[in-house]
Structures are given as C-alpha cells and as structure tokens.
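Everything below concerns the one structure shown next.
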Amino acid sequence: MRSRWPPCRVRHHRRCAYTARRDRPGRRTGACVARGYDPHEIEPRWQKAWDAADLHRADEEGDRPRFYALHMFPYPSGDLHMGHAEAFSLGDAVARYAWARGFEVLNPIGWDSFGLPAENAAIRRRAHPAEWTYANVETQAATMRRMGFAFDWSRRLHTSDPAYYKWTQWLFLQLYHAGWAYRGDASVNWCPNDRTVLANEQVIDGRCERCDAVVTKRTLTQWFLRITAFAERLLDDMAQLEAYWPDRVLNLQRNWIGRSEGARIVFRIEEADEAIVAFTTRPDTLFGATFFVLAPEHPRARALAERGGATADFDEYLDQVRRRTEMERLATEGRKDGVFLGVHARNPVTGERMPVYAADYVLMEYGTGAIMSVPAHDQRDLDFARAHGLEVRVVVQPPDTELDAASMTEAADGEGVLVNSGPYDELPWRAAKRKITADLAERGDGEPAVTYRLRDWLVSRQRFWGAPIPVVHCEDCGLVPVPEADLPVTLPERVDLHAESVSPLAADPDWVRVACPSCGQESRRDTDTMDTFVDSSWYYLRYCSPDRDDVPFDREAVRRWLPVDQYTGGIEHAILHLLYSRFVTKALHDLGHLDFVEPFTRLKSQGMVLMGGAAMSKSRGNLVEPRAILDEYGADTLRLTMLFAGPIEDDIDWADVSPAGTFRWLSRLSRLVDEHTGSGGTVEAGDAAAGADLRRATHRTIAAVTADFEQFKYNTAIAKLMALANAISDALRGGVRGPAVQEALDAVQVILAPMAPHVAEELWHRLGHSDFVLRAPWPTADPALLVDERRRIPVQVDGRVRDAMTLPVGASQAQAEEMARELANVARHLRGRRVARVVWVPDRLLNFVVADD
RNA sequence: GCCGGGAUGGAGGAACAGGCAGACUCGGCGGACUCAAAAUCCGCUGCCCGCGAGGGCGUGGGGGUUCGAAUCCCCCUCCCGGCACCA
C-alpha cells in the first residue's frame, strides 16, 4: 500500500523509526527522525576507518606511559546481554579516556570459553561443545564490533584453545611442584544433577549455583589448591587496595576469608592414652566447659566410641548424618542431635571429666573438628546441653544482667568479667583470654591460634569441557606430573557426553591410556578437568603476549603492562574470580614469575541491568537485548543511556531509562554542530560578554567533567555536557558566533568520545578536524576562566533565604551588608527587629541573625 | 545474629568540604509550527495557601549540635547485599 505521506527526505537508514512508522502505523515511534544524525550510517563508517588505521592496537614500543585497562572477559552463552553492554561501555570509557589522557593503552578482549553450559548444550544438540562455544563467541564478537568497543583484537584469546590451556596446565604444575596443588580426601559438595563436585564458593544456600539442585556431601579424592596458605596475605595485602577497590568488595572478601583469633587447647582423653585438640575463640570461658564435641567425621571419633563401648550408637549416628543433605543438616539448628561416645575429656584447668559427644553441629572442615562446649556462653552449646541434660556453668558475668545457669535459654556470648574461674576471677574477659592462653601455652596444653573460614580451593571437575589436569597415575610411581614439554594434554576430538556412570574423559579408554612419563609402563591419565575459575585466574597475564608458545607470558611485556591499572567487572565476581586471581598472582610471585603481588591496582564494579525491578530473562518475558536497541538507535545511544542512567555501581532498571531521550539529545547536539558550521565565518559577531560567558561555561565544564571521569561519575559528566550544550544553544540564539562556540563544541566532542565514540568522531570531523578524536588530547581548563567576576549571593534573615544579590567576587562584608539591607524583601523582614549578628561567608552567603526582644 | 550499603519530586538521579535542595534527563501540562500527526522549537512542572507580591511546609521517622543540616551526632523504622551450627 502506498503511503499518502511524502517519503522522508532525510538521508537515513531504512530502520529509521520514521520509515518504520509509515510501514507500521500502530507502532509507537522512537525518536529516529533526526535530521543529520543517522547512527546506522555513521557508526559502521567510523568503525571501518578505525580498523583501517589500526587505531586501537596497543603499542609495545614507544615511550608514552602505559595503561592497562581490562574488563572481565565474558562467558560465551549466546549473544551479549544488556549487562555486558553496560559493563563494556564502562570498560571502553575507561580505556578511551586513558588514550585521551596521553597513555599507551592495552584494552584486550577474550573469552572464558570453557564451562559446563557448553557441555549441556552439546548433549542437547548431539554436537561437540566446541561448536556451540565458538559459534557464540563469534556472535558476541560481532555485537562487540557493532558497539564500537576499542579493543585490540589482535590479542584476542579463548581459554578453551589448546594454545591457552597448555599454560593453564603449566600453572597447575607450577602450583603442584610448589606443594600448593594436592590430592586429598574430603567431604565435598556434590551436585547430583551436574554430576560433578563443586567448590565451596559454588554452593549457594545448599544448592548448586548453576542448576539449583540440592547439593549432597560425598567423600572423594580430589585436587585442591592451597589457597588457605595465603589467607593471611590475602587479608594483609588488602591494605594496598583499600583506596582503589570498592569497600564493598574488600568487605565481602574479608567475610569470606573469615579470620578468627583464639587458641588451640589440648584435652586429654580419660579412658585412652591420647589427646584431642579443640579450637576456640573464647579461651576465657574454659572454666565453663562442661562437655566436649567431635565432628562425626573426626578421624578419632570411631576409635573413641569403640573405647567407650558406644560403637553401635556411633555407627548408626554417622550413617544417619552421612545421608543428610546440607539443607537437612542446617535444619537441625536449634534442636541439636548427637551421640555420647562413652569417654571423657579432662578439662586442663578444672581437672573435671567432661563427657565426649559426636554431633554434626561441629564441622570437620573448620578449626580442628573438635570443640570444648561452654553452654552458658555459646548458643549452640546451650541448645545441645538443654537437649541432653548437661551442666550449664556461668563463668563470664556480663555487666548488665544477672545470669541464672539453671534457667537461661540465651547464651551470654558477649563481654563480661570472669567468675567461677579460680585464679582468673574478676579479670575482664579480653585480659582473661590472653592470660589463660599464655598459661596453657606455658604448660604445653595449648597455644594461640588463628583459623579461617576460607577452605582450600577444590578444582577437580568430573566434566569434559575444561583443561585436563596434567597428571598421570602410575601403579609404581604414583602421581606423575606430565612433563612441561608434553603439554598441552589436549581433549579428545570425539566425545561421548552421555555416559552416566563415569566422567566423559574416563569413558574414553584410548584417551586415558598413556605411558608413565617416569617409568614408561602403561598408566592412566587423570580424568578430571579443572574448574574454569583456574582458566580465568591468570588470563590478564596472557594478554601481554598471547601468541608466545614457549612461555605463558613474556616477562618483559608483563613488566611493561602489569599490574592492571584499571579492572572493571561485575560485583558477582567479588569473591570467586577476584580472590582466585589474587591468590594465583601471589603464588606466581613467590615462584619468581612475577614481581608484584596484587594483579589489579584499581577495581570498579558496575551494577546489574534489570527490567521492571527483576533480572531479565526470556521466561519472565522481560528480556531486552542489545541488538534490538542497536537496531533502533545505534551503539552510541545504547552506551550513553547506560552511562547516564545513574552511578555506574548502582543497578539500572531499563524500565526507568529512556534511550529515546538519549537519541534526541545526540540529534540535538548534531544539529547544534551543523548550525555552528553553517553559520558562516569565524567572526565574533555576537555580544562579547555573552561569548565570554560561554567560554567560562566551557572551561567550568571541562574542569568538572574531568573530576567526574576520574571518579567514574559518567552520569554527572553527561549531565554537565548536556548543560553545556544548552548553554551553546542559548549562545547561538543570542547571536554568539565563532571561536567561543567552536571551542565549546570541540570540548564536547573530546569529552563525549569515550562514551559515544562514533557520533563524537563524526561531529569532530564536521567541526573541521582531520585526525581521529581519539588522538585529540583531553581539554584542559584555563584557570583564569574558572573564576567568576561576579556571583549571586543569597541573603538570609535568620537562616531563611529572603532574597539574593549579585556582587563582584571578593566583595567585602560591609559592601554586602549595605547592598543587602536595601533589598526590599530583606528590609521587610528586618523591619522592627534587631540584628544580633551577621554571618558572612565570602562570595557565598550573607545571613542576618535577628534577636527578638 | 554479625558485617557492609541505602531511603531526596510522578521516575532515574544531582548537590565540592555544613551555606539558594531538586542540576541533567524522563514523564506530564501549555504554546508555536502543521490541513493533521510525527519530528522540532519555546515555556511551566516538589507540596500547600495566595489574584499577586509573597508566605508556610519539605531530603524515611524522632531528637540533638549550629546563625544555618539531605550533609555532623544519638535513637528508631524499612529496604538491599554479604556471611552464618565457623566454635
């Protein structure tokens, strides 16, 4: 059907909403009818030009200062989502700003391309995981190019490439040789659905982080990395991150590491010639310990039960406990169960015999797996004592309440003064802690100790799509690491992912069979692959020299670029990825491979992108995809909308923002430039004072916006650019022409370029420049233009603003008062009242304080 | 329970370091242009009283410090994030 409207005359893309509207009249129109602003023409054109000039390649030579801008690399699960769009918009703004500030910038990109989703997709599609993975990588790469991100594509990497995971395996062997990778039995988290073990960090509320299945415990022999050996340094080195990382992230890591100070105390078992060590943070309550509890999995528990004649009870309890899921275990909180082992531990200070129990409220993984129980001062112990009829004895008297041991239901776990504690009576609890610990140490019955909540990092995965653990199991030689020369241990090209009983690699006998590197006899490869967080724990090093096949990273290049100057990424990686990377960096440092101990000097985390208050998802029907926005408005609008929405660390609700509004502004800016360049000549035809006002506005904006960029406050930076654009518009309307306008528009483009690079580039060229805007130096504010000649001073009477006056800067109080008293409204409020005092804040405010008498 | 962060117009948010609360944007209302619509441009837009000049109230609630508090102090409510049978 032929439209009765004339066709849009403006040269623009067919997706322009004007056209779309004619085709589909019911459709709510976007703003895309702007004369002169056609992102669908501008954006590809400049992307091509940048590529042709190799503009974003990081130069290894040259003597400009270097800046490593890194954004967390994506996992290729389909196309980029809105979260990626925001995150990379931030990362790209950081990188482009660094360029403008004169740095040589490294802004690389790659993919975290190993992982379980590829395997699940492969099972559904009966294809190799690589197929799905690399197809998604290409999709994401294409969208990134449309977004116009200034990546150095020549350094692109994928963790699933053998050329990369060869060095992930090298890293594993480095840790192994240093004794920081070990195989151990442990009660581990097992996801029955994904049929693999999980790291502690991947279990959320007793469920699998990935698939939400209820996690159970299994005792298996697995590979661990000894991150706990670095716990103290992971805490201590936060000192150097404090000013540069979000407090929130450091706080999360501190919580996660969970350092607690206390003592290890030795308790001798009455009926056996042995001693069990317990960890406590409250050695001051030792006189109140009335029983003793072991974790059911404690290595000595069964032997003690045997000695106490409680074997049957113990076995039954252990069996019951083992069948519990984590969730069931937690559900027993408050109604403690456990079993008496028939033996007694001697309290080293009171000499009393304390019954020994096994109960699963004591965890084998924490402390020593054994505790002294002080029911009066620990809620869990009190619950247990009440359930089992055990004695409660108050030994720390809190300052404000009277405790009754017989009836108390809430343990007093706070401060107080010692009672019922022999020689320690009347000591404040903190002093008693130190004293009792010291006395025990002197007698050999204990020592000060620190325990961490952090566990060693479980890295074995019984999955296919990951880096194989480069170890051979030989009957004679035991564990034999694969020699470095034989790396990488590559994945088999064909794989059956449907094997139910064993992991995919174990199901491939040809792959498993290998000659022992040590003795040559037929042996078996380790069939586990590594947690993908191992892959991502060192990728920032690989970007320095991604093509080297003889070393994981070129030491000189690492020296040139690292540590990362500015790392950006999602808060969801506050613990896992960031903690692992910090650990690996420290380990490689200690092994002499790096000369720094923290990989990321500065960190900024962006918030999430929501839609209607909820996470976007296809099933929820609130999914907005970057491509849709790109199609309608282009990359600059999408990027700028994200950055304008609010502080970058806050969540964005897409329902609250307006890409149409952003698009309108870019169109307006574009028209402003055209209006200026078409206004003819560079003659200052306008009012000289108005021109000077515009120049002051320009320089004030430069100064303020620069401060904003330094603090990642892009939302306010954009607001200030908008305000300057309004000022330019007013100036043009007021007849101002020429250099003042040119200067203002130039500044806007250079400042806008990190956030909306295509339109800034286009307008920069329309303004008469021939080189790329990326090569233009960041504008500097002229201090002389930051000072006002006159200022508007509010006048208050008794703290309430009654009027305002304009005074020259530096005016005296006398001048100000004189002028203020003549203001009609001020005079009115002062009439008949006595001025008791005048507050004069030079160049800011005048306040008459009146006395009513 | 412990640790951390919040609460400002209809919405997102702004306010250096205690000094005109609400920048900038979205939305809304009115006007110009148009046969009409879109787009564009101009103006208004915290609430209440008032024709107006102007006045009162106002940054989750209550108290305090101060000439002056969104901002500092104390108490409280609610929201978000993390940790949590961790001895």
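Keep in mind it's a predicted model, so treat the numbers as computed, not measured. Sequence lines set the chain letters: A, B, ... in the order given, protein chains first and strands last, and positions in each chain run from 1. Computed over heavy atoms, backbone and side chain alike; hydrogens, waters and symmetry mates excluded.
With a cut-off of 3.5 Å on both pairing distances, the Watson-Crick or G-U wobble partner of B:G1 is B:C83. Applying the Watson-Crick and G-U wobble criteria (two distances, each under 3.5 Å), B:U65 pairs with nothing in any strand. A 3.5 Å limit on both hydrogen-bonding distances identifies B:U77 as the Watson-Crick or G-U partner of B:A7. Here B:G30 sits opposite B:C42 as a Watson-Crick or G-U wobble pair (both hydrogen-bonding atom distances under 3.5 Å).
Taking atom P on both nucleotides, B:U66 is separated from B:G55 by 27 Å, rounded to a whole Å. Going from the C1' atom of B:G22 to that of B:U59 covers 9 Å, rounded to whole Å. When the C1' atom is compared between B:U77 and B:A23, the two are found 31 Å apart, to the nearest whole Å. Atom P of B:C16 sits at a distance of 33 Å from the matching atom of B:C83, rounded to the whole Å. B:U65 and B:U71 have their P atoms separated by 15 Å, with the value rounded to a whole Å. Distance check on atom P: B:A53 versus B:G60 gives 30 Å, rounded to whole Å. Distance noted for atom C1' between B:C2 and B:G58: 36 Å (whole Å). Comparing the P positions of B:A15 and B:C24 gives an interatomic distance of 13 Å, to the nearest angstrom.
Using a 30° and 60° split on the angle between ring planes, A:Y357 and A:H388 fall in the perpendicular class, above 60°.
Side-chain proximity of A:F279 to B:C24, B:G54, B:A87: nearest is B:A87. Residue A:R828 places its side chain closer to B:G54 than to any other of B:G54, B:C57, B:A87. Residue A:R837 places its side chain closer to B:C67 than to any other of B:C67, B:G82, B:G81. Nearest nucleotide to the side chain of A:W256, out of B:C83, B:A87, B:C41: B:C83. Here the nucleotide nearest the side chain of A:R248, chosen from B:C57, B:G81, B:A87, is B:G81. The listed nucleotides are B:U25, B:C67, B:G55; the one nearest the side chain of A:H829 is B:G55. Looking at the side chain of A:N251, the nearest of the listed nucleotides B:C85, B:G27, B:G81 is B:G81. The A:M722 side chain lies nearest to B:C24 when the options are B:C57, B:A87, B:C24.
Taking atom CG on A:N726 and atom P on B:C26, their separation rounds to 10 Å, with Å as the unit. If you take CG of A:N255 and P of B:G82, they are 11 Å apart, rounded to a whole angstrom. Atom-to-atom, OH of A:Y714 to P of B:A23 comes out at 25 Å; the value is rounded to the nearest Å. When rounded to the nearest whole Å, the span between CD1 of A:I265 and P of B:A87 equals 14 Å. Atom P of nucleotide B:A23 and atom CZ of A:R700 are separated by 17 Å, given to the nearest angstrom. Rounded to whole Å, the distance from NE2 on A:H573 to C1' on B:G81 is 16 Å. As rounded to whole Å, 15 Å separates atom C1' of B:G82 from atom CG of A:L578. Rounded to a whole Å, the CZ atom of A:R453 is 16 Å from the P atom of B:C3.
No more than 12 heavy atoms of other residues, nucleotides or ligands shown are found within 6.0 angstrom of CE on A:M608.
Backbone-only engagement by A:R802 is indicated by non-hydrogen atom pairs under 4.0 Å involving sugar-phosphate atoms exclusively.
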CA sep, side-chain torsions, deciding dist, call: A:F709, A:Y714, ring-ring contact (aromatic ring centres under 6.0 Å, His included): CA-CA 6 Å; A:F709 264 75; A:Y714 301 104; 5.2 Å; yes

Can you build the contact string for nucleotides 13-20 of chain B? Use B for base contact, S for sugar-phosphate-only contact, and - for no protein heavy atom under 4.0 Å. SSSB--BB

